[in-house]
Protein chains: 2
Amino acid sequence: MSSAVRGSSSPTTDLLDDYLALCKEACDGEIDRLYGDGDQTGGLRDLILDYPRRGGKALRPALGIAMCLGLGGHLDAILPTAATLELYHNAFLIHDDIEDESWWRRGKPTLHIDHGIPVAVNVGDAMLSLSLQPLLDNVERIGLGPALRILRAVSHMTRRTVEGQAIELDWVRSNTWTLTDADYLTMVELKTSWYSFITPLQVGAIAAGEGPDRRAPLETFGRHLGAAFQITDDLLNLRADPDEYGKEIGGDLWEGKRTLMLLHVMRCAEPAERERAAYILAKRRPTTNGEAGLVELLDTLTRRGELSASGRASVHSFLMSQHVSDPKTMDDIRWLYQLMCDVGSIAHARKVAGHHAREAAAILAADLDWLPPSHHRDALAGLVDYVHGRTR
Amino acid sequence: MSSAVRGSSSPTTDLLDDYLALCKEACDGEIDRLYGDGDQTGGLRDLILDYPRRGGKALRPALGIAMCLGLGGHLDAILPTAATLELYHNAFLIHDDIEDESWWRRGKPTLHIDHGIPVAVNVGDAMLSLSLQPLLDNVERIGLGPALRILRAVSHMTRRTVEGQAIELDWVRSNTWTLTDADYLTMVELKTSWYSFITPLQVGAIAAGEGPDRRAPLETFGRHLGAAFQITDDLLNLRADPDEYGKEIGGDLWEGKRTLMLLHVMRCAEPAERERAAYILAKRRPTTNGEAGLVELLDTLTRRGELSASGRASVHSFLMSQHVSDPKTMDDIRWLYQLMCDVGSIAHARKVAGHHAREAAAILAADLDWLPPSHHRDALAGLVDYVHGRTR
C-alpha cells in the first residue's frame, strides 16, 4: 500500500477515490494470496475469485483499514481480516442473487445465471467456509485476545445478516405490506449494517488494539451509515445507469422487495391505487426460462388458427395451475415507478437517507473523538458523504 | 444421557441402536439448547430445526461422543461440538438437496420444495453461521488449546467438503465419465469422509484432551469408514424402501450422479450400451414445475385436433430451445438400473464397500489400540458394521 493511504490530506472526492482504490488494491492482493493458491479443486478457485475480480469498491475492507490505521494500527494486522470480510460480502452477494432471482451483477450475468444454481450455492458455501482459516491465523498475527474478539464479532455479524435476510424473504413470501419505516430500518440494520459497516469498523478497532469500549459508538455510527447506504442503494436500483451501477435496473420492483419507497406508497397512495399496487406486487416475477416466450408463441398459433381457443385456454389454465398467478409485466413496473414519484415516496426516502447520513456525520464528529485527525479519519468522513451522496 | 451409554456391554445391533438413540437424544437436546431459544427472527428458528427434527441417526455426533467418552473425556466437553457438527450436516443437506434437485428428504419434501430455493439457501447459510458461536464458547468450556484445535479441524473440514461438492458438480456439468474408482474415492473422501467421519472422530479425541498424534490414524480410519458409508448409501439410493430410507429412490440416476456403479457401467458395458447410457445421462432431469404435464397436454390437444401438428412442432422446438435437450424418462432410469445389474456393477460396488469396511475394522483393531476397551469402543466397532451392513 502506497504512502497516499498512510499519509494525511484534505477529504476531497478525488482523494477518497484514491483511498478506496488503494484499499481495493491491497485487498485484491490479499485475496489472491489467501485464496488464489490454486489448491482448490473442481474449478473452485476461479469461481471463488469471479465476483471479487468483477470490481466493486471494497468499501468494507476500506472501513476496516481506515479504522485500524487511523488508530495507529498496522496494515498487516487488519488486511487478512479485511480481505475475509470482502470474501463474506461476495459470498452473500452470490447467495443473495439466487434468493432475489437477480440476473445481473457488476456488469455481467450473476453467477447462478452463468453456472447454474447448484454451482453458485456451493461457491458461496466455499467462500463462507474458506473465511474461517485467516481469522484463526489472526492468533499468531495479532495475538490471542484480539483474534478471539474478531472471531466473536464475525460470528455475531453472520448471525445478524442471515436474520435480516430471513425477515426480508419472509415479508416477500407472506406478501406482508403493513410495515413501517422502523420495520424496514430494523431489517436493514440486520441485513446490511452489521456486515457492511458495524463489523468492519469494529474489527479495524480491535486489530489496532482498542478495547471493548469502542464497540458501542461504532455500532451506532455503522447503523446510521448502513441505513443511509441501503436506502441510497434502493433508490439507485430504480433509476441509475446500468453501466455505472452494474445491477439490473428496477430489479427490486420485479422482485417485490420491501423498500422504503414501496412501503411509503403502500401507506400513502389512494386506496384504489394501493389496491392495484398490491395486486401487481403479489404477481410473481416471470421465470428466466422463456415462459413469456411460450405464452407469446401460443397466442400466435391461436391467431393463425393452429390452436383452438379452448386449447389455448387449457394451456393457459395449466400454466396458471403451475405458477399460481400471472407474472408481472413491464407496464406493471412502469406504473409502480410512476406512482412512487407521484405519491412523493422517492422524496421521502431521500429525506430519510439524508437524516441517517447527517446522524452518522454528527456521531463521527462528537462520539468518535478518540479517533485522532488523520488521512484515515478524513476517509471515513468522506465515506459518510459518499454512501449518501450517490443519488443527490 | 443414561448409564446405557456410559456403561459397557457387548456389541450387538440392539445395543448399537440404543447407543445411537441416546446420542441422538443428547444431541437433539443440545441443538434445542443452542438454537431453540427463539431469538432468531423471520421464522428462522423453526426452519433451522426442521431437518434436525425430521429424525436421522445423528451418526456424526455419535462418533464424536464415542471417541471422547471412550478416551475418558466428559460428555459436556464434546456435546456442543457434536451438536454443531450435526447442524453442519443438516446445513449441507439443505444446500445439497438444492444442488442435486432432490425432492424428498427423511420422508418429507425437501426444504426448498416446501419453502422455495431462496428460503432454503438462507436457512443453510444461517445454520453454517450459527455453528461458529458454540465452537468459540469451547474456549471457556475445554480450554484455549483444544478449542482452537477444534476450530482448525472444522475449518479444514468445511473446506474439504465444498471441494468435494465442487468436483462432483463439475463432473455432472461437464458430463465427464472417464473416471476411475480412485477418482470417485478421492471425491468421496472430500465430500463425505471429512465431515461425516474424520472430523467427528478427531474433535472427539481433542475434546478428551488427546494430542495431535491421534490425528493421522483417525484420518485413515475415517477415510475407509466414509468410503464404505458412501458406496452403501449410493447402493441404497437405487433400491431401498422409501419409507425406511427416507430419500427419493433412484434420485442419483435422475441426477446423473457419478456413483461407483455408474462409473463401472461406463467402463465395462458393451460399446453400444455405453453409448446409449451416455446419451440418457446427458439428458437433463425433468423440471418440477410440470413441464412433463405440459407436453402431455399439448399431445392431447393435437390428438383432439385442437392443435395443428406444425403448431405442436413449434411448441416442441421452443421447449427444446429453452432446455437444450429432452428430459430423462422413467424408462431410461429402469434401463440404466437393469444395465447395472447385468454388467455386475452393483456386485462390484458391494465388493469395494466391503473392502473399505474391513480396512476400517482392521485399523480400529490394530492402530487405535490407544482407545481402551469400553462400551464406546464397542459402539465404534458396531458402527463399522452398521455403515457397511445396511445393504447386505
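Throughout, a chain's letter reflects where its sequence line sits, starting with A, and its residues are numbered from 1.
- Taking each heavy atom of S129(B) and V162(A) in turn, the nearest pair found is OG-CG1, 3.9 Å.
- At a threshold of 4.5 Å between non-hydrogen side-chain atoms, the residues L307(A) and L301(B) count as touching.
- For L136(A), the parts lying near chain B are the backbone and the side chain together; criterion is any non-hydrogen pair under 4.5 Å.
- Across every non-hydrogen atom of L44(B) and A166(A), the tightest pair is CG-CB, 3.4 Å.
- No more than 12 heavy atoms of other residues, nucleotides or ligands lie within 6.0 Å of CZ in R215(A), so this atom counts as exposed by the packing criterion.
- For L151(A), the parts lying near chain B are the backbone and the side chain together; criterion is any non-hydrogen pair under 4.5 Å.
- Looking at V172(B), neither its backbone nor its side chain comes within 4.5 Å of chain A, counting heavy atoms on both sides.
- Residues P118(A) and L169(B) come closest through the heavy atom pair O-CD1, 3.6 Å.
- Only the side chain of I117(B) comes within contact range of chain A, with heavy atoms under 4.5 Å apart.
- Considering only heavy atoms from C-beta on, D170(A) stays 4.5 Å or farther from V119(B) through its side chain.
- The two atoms that bring V121(A) and E99(B) nearest to each other are CG1-OE2, 3.2 Å, heavy atoms only.
- Each of A309(A), S131(A), A126(A) has some count of heavy-atom pairs under 4.5 Å with chain B, and the biggest count is that of A126(A).
- For L144(B), the part sitting under 4.5 Å from any heavy atom of chain A is the side chain, from C-beta outward, and nothing else.
- Using a 4.5 Å cut-off between heavy atoms, R304(A) makes no contact with chain B at all.
- L130(B) has its side chain within reach of R159(A): a pair of non-hydrogen atoms, C-beta onward, lies under 4.5 Å apart.
- With chain B as the partner, the residue from N122(A), L128(A), D96(A) showing the most heavy-atom pairs under 4.5 Å is N122(A).
- When every heavy atom of G116(B) is checked against every heavy atom of R173(A), the shortest pair comes out as N-NH1, 4.0 Å.
- Between the side chains of D125(B) and H95(A), at least one donor-acceptor pair of N or O atoms lies under 3.5 Å.
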